[in-house]
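See below for the structure under consideration.
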Amino acid sequence: MNYWLLKSEPDAFSIDDLRAMPGKKDHWDGIRNYQARNMMRDDMKKGDMAFFYHSSCAVPGIVGTCEVVKEAYDDFTALDKKSKYFDPKATKDNPRWCMVDVKYKKKFKSIVSLDALKQNKKLESMTLLKKGNRLSIMPVSAKEWKIIMAMAGA
DNA sequence: GCCAACGTTGGC
DNA sequence: GCCAACGTTGGC
């Protein structure tokens, strides 16, 4: 199984929002980057675990974990003219984009901030910390997962 | 709100 | 297929 990191702006969708969903799960829609889509489509499997990351906020960082409960399927928001994720080039036959379903697992007692991650020497090579990386979905190694879970006291 | 670092688009 | 212009992300 694989580990992942999923970014979300807490103003739009936070870990508390996920926890409040029926069944504590929701579809992870709005991915509009090919690299991120390909990873989601090809490599994200049911049972994979992911960190929930809050971006573009006062304290960016990892706030908890969730689990992939449904593998990639068509992202219908690409076909919905009213959606902010509407893509005029998407068609029914070729929706271009896909999404997975994730289920809330755990919220950390305190956030593992981006700052704390940067200060951990063992995480130097982590994708998230590499300069210029703006992917909203990225792989996390089993080793990184362990280290971060320990930092969270989880 | 600024800006660096991308990714995407489209003219040629 | 090149590359300039434009759009987006996301930390600060």
Take A/Phe52 and A/Leu5 through the test side-chain contact (heavy atoms from CB on, under 4.5 Å) and record every step on the way to the result. CA-CA 6 Å; A/Phe52 200 114; A/Leu5 181 140; over 6 Å; no
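- Using a 4.0 Å cut-off between charged side-chain N and carboxylate O, A/Asp75 and A/Arg32 make a salt bridge.
- Proximity of A/Tyr34 to the phosphate of B/dC6: no side-chain N or O atom is located under 4.0 Å from OP1 or OP2.
- Look at OH on A/Tyr53: it is 15 Å from P on C/dT9, rounded to the nearest Å.
- Spacing between atom NZ of A/Lys89 and atom C1' of B/dT9 amounts to 7 Å, rounded to whole angstrom units.
- Here the P atom of nucleotide B/dC6 and the CG atom of A/Leu128 are 14 Å apart, to the nearest Å.
- Nearest to the side-chain atoms of A/Leu114 among the listed nucleotides C/dG11, B/dC6, B/dG10 stands C/dG11.
- In this entry the distance linking NZ of A/Lys118 with P of C/dG11 reads 8 Å, nearest Å.
- Distance, A/Lys7 NZ to C/dT8 P: 16 Å, rounded to whole Å.
- In the set C/dG11, B/dT8, C/dG10, C/dG11 carries the atom at the smallest distance from any side-chain atom of A/Pro60.
- Geometric assessment of A/Lys107 against the ring of A/Tyr104 yields a negative cation-pi assignment under the 6.0 Å and 45° thresholds.
- Atom CZ of A/Arg134 is separated from atom C1' of C/dT8 by 6 Å (rounded to the nearest Å).
- Using a 4.0 Å heavy-atom criterion, one finds that A/Gln35 contacts the sugar-phosphate atoms exclusively.
- Below 30°, between 30° and 60°, or above 60°: for A/Trp145 and A/Tyr3 the angle between ring planes is below 30°, a parallel geometry.
- Note on A/Lys131: every side-chain N or O is 4.0 Å or more away from OP1 and OP2 of B/dA4.
- Spacing between atom CG of A/Asp11 and atom C1' of C/dG11 amounts to 15 Å, rounded to whole angstrom units.
- A/Asn33 places its CG atom 10 Å from the P atom of C/dG10, with the value rounded to the nearest Å.
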